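Here's the structure we're looking at; comments come further down.
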Amino acid sequence: MRNKVLSGLALLGAVTLGLSACGSDGGDDVAAGSGGGGGGDDVITVGFAQTGSESGWRSANTESMKEAFSEENGFELVFNAADNDPAAQIAAVRSFINQGVDAIVIAPIVEDGWDDVLQEAQDADIPVILEDRTVTASEDLYATWVGLDFKLEGQKAGEWAAENFTEPTTMVVLEGTTGSAPANDRAEGFDAAIEGTPIEKIDSQTGDFTRDGGKSVMEGFLQKYGVDGIDLVYAHNDDMGLGAIEAIEAAGAVPGEDIKIITIDAVRDGMQALVDGKINYIVECNPLLGEKAAELVKAVLDGEEVDKRTIVEDQAFDQAAAEEALPDRKY
Ligand code: AHR
């Protein structure tokens, strides 16, 4: 552990809290370095509070983070996945503070509610680096953020819809986790882009970014409006779109034809569905943020000036572009 010596009490707290975190989410928590901070003096101990494992995107993001924060790269990673429970995620961050880690990385499940625990981290002199999603708390409470422009993603999806649906169109929306930055921003960007078009949003509900959630919400929409009552689905991520495909097929309709689908992420399963014609358009959300996050953690701990925001660029894919990109897709 770098620049820090754990007191006996803090170490006891670390062991206790670490064990309880391990038990809380089916063994997802791991310390990816060697023996509890006992390695070389320069090992950087990082607590990473991941949202959970809700989607293919999330798996790719976790993998990217674990790869970047590896022992070979000089890190000991204490990993927690909060199963999409904001209170559990805040508890994990408190546990990292008690453990006296060198830095904390958070992929915040929701935007609100971070002020107190971020203040506690600052009081403990532990820098916080946000990755993926943002928070509404003051920028002074965290060192930097690396992530995506979710509003632009929604806008690109909406622009494609506006160009391609020029007749009256009924649309349902599968929203991401309520209160999360991508759900809020992707809705805002999309809605602005379709303003004044003949696309009418007839319903919108959360599927929590999961395939099962997308499927069951879509089943409800199909029961309520019928196959003929829905022209277009806008899903805030691929997994919910893939769940919607299952629901549409079970209702005897053809996804991508009878009901068109637009999603965000561009993970391999989503891209395959686009190539197969079951999804019509995907805006990318790049999950490979690990390398940049690790670089930022090192820079912050070295006292270097870093940008407050680093935005990773996204592409967008129609069927032809997906066909070309799929063979080399990394996630
Ligand atoms: O925050 C990024 C979003 O979270 C991804 O679009 C989604 O798949 C994930 O769960």
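Counting from 1, the numbers follow the sequence of the chain as shown. Values in this document were obtained by computation on a predicted structure and should not be read as measured data. Counting starts at 1 for both ligands and their atoms, in listed order.
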- Taking atom types as modelled, is there a side-chain donor on D238 or T263 under 3.5 Å from an acceptor on the other?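 A pair is found: one side chain offers a donor N or O, the other an acceptor, under 3.5 Å apart.
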- Task: Report the relative orientation of the aromatic rings in W160 and F165; use parallel for angles under 30°, tilted for 30 to 60°, perpendicular for over 60°.
- Result: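 If you compare the ring of W160 with that of F165, the planes turn out perpendicular.
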- Task: May I ask you to check whether Y281 and F317 place their ring centers less than 6.0 Å from one another?
- Result: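 That pair fails the under 6.0 Å test.
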Close-contact set for ligand 1 against [X] heavy atoms, below 4.0 Å:
{"X": "S55", "result": "7 (C), 8 (O), 9 (C), 10 (O)"}
{"X": "P182", "result": "1 (O)"}
{"X": "E54", "result": "4 (O), 9 (C), 10 (O)"}

Taking [atom] as the reference point, the nearest protein heavy atom with its distance:
{"atom": "atom 6 (O) of ligand 1", "value": "D265 OD1, 2.6 Å"}
{"atom": "atom 3 (C) of ligand 1", "value": "R133 NH2, 3.8 Å"}
{"atom": "atom 2 (C) of ligand 1", "value": "D132 OD1, 3.3 Å"}

- Item | Mode of R186 contact toward ligand 1 - side chain, backbone, both, neither (heavy atoms, under 4.0 Å) |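 For R186, the contact with ligand 1 is made by the side chain alone.
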- Message: What verdict does the side chain to side chain donor-acceptor pair (under 3.5 Å) test give for T62 and Q50, after you've listed the backbone C-alpha separation in whole Å, the side-chain angles of each residue and the deciding distance to 0.1 Å?
- Response: CA-CA 8 Å; T62 294; Q50 178 60 288; 3.0 Å; yes
- Task: Would you verify whether the NZ or CZ of K308 falls within 45 degrees of the ring axis of Y142 while also being under 6.0 Å from that six-membered ring's centre?
- Result: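 Flagged: K308 positioned over aromatic ring of Y142.
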- Below 4.0 Å from any atom of ligand 1, is there a heavy atom belonging to I264?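 The answer is no, since I264 has no heavy atom less than 4.0 Å from ligand 1.
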- Task: Measure the distances from the heavy atoms of D239 to every atom of ligand 1 and state whether one is below 4.0 angstrom.
- Result: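 False for this residue.
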- Among Q99, E120, Q89, find the residue that satisfies the side-chain hydrogen bond (donor to acceptor under 3.5 Å, both in side chains) test when tested with R94.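 Result for side-chain hydrogen bond (donor to acceptor under 3.5 Å, both in side chains) with R94: E120.
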- Query: Quick check: does R58 get an N/O under 3.5 Å from an N/O on ligand 1?
  - Reply: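 R58 vs ligand 1: N/O contact under 3.5 Å present.
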- Query: Given side chains that start at C-beta, do those of F75 and T45 come closer than 4.5 Å, heavy atoms only?
  - Reply: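 SC-SC contact between F75 and T45 ruled out.
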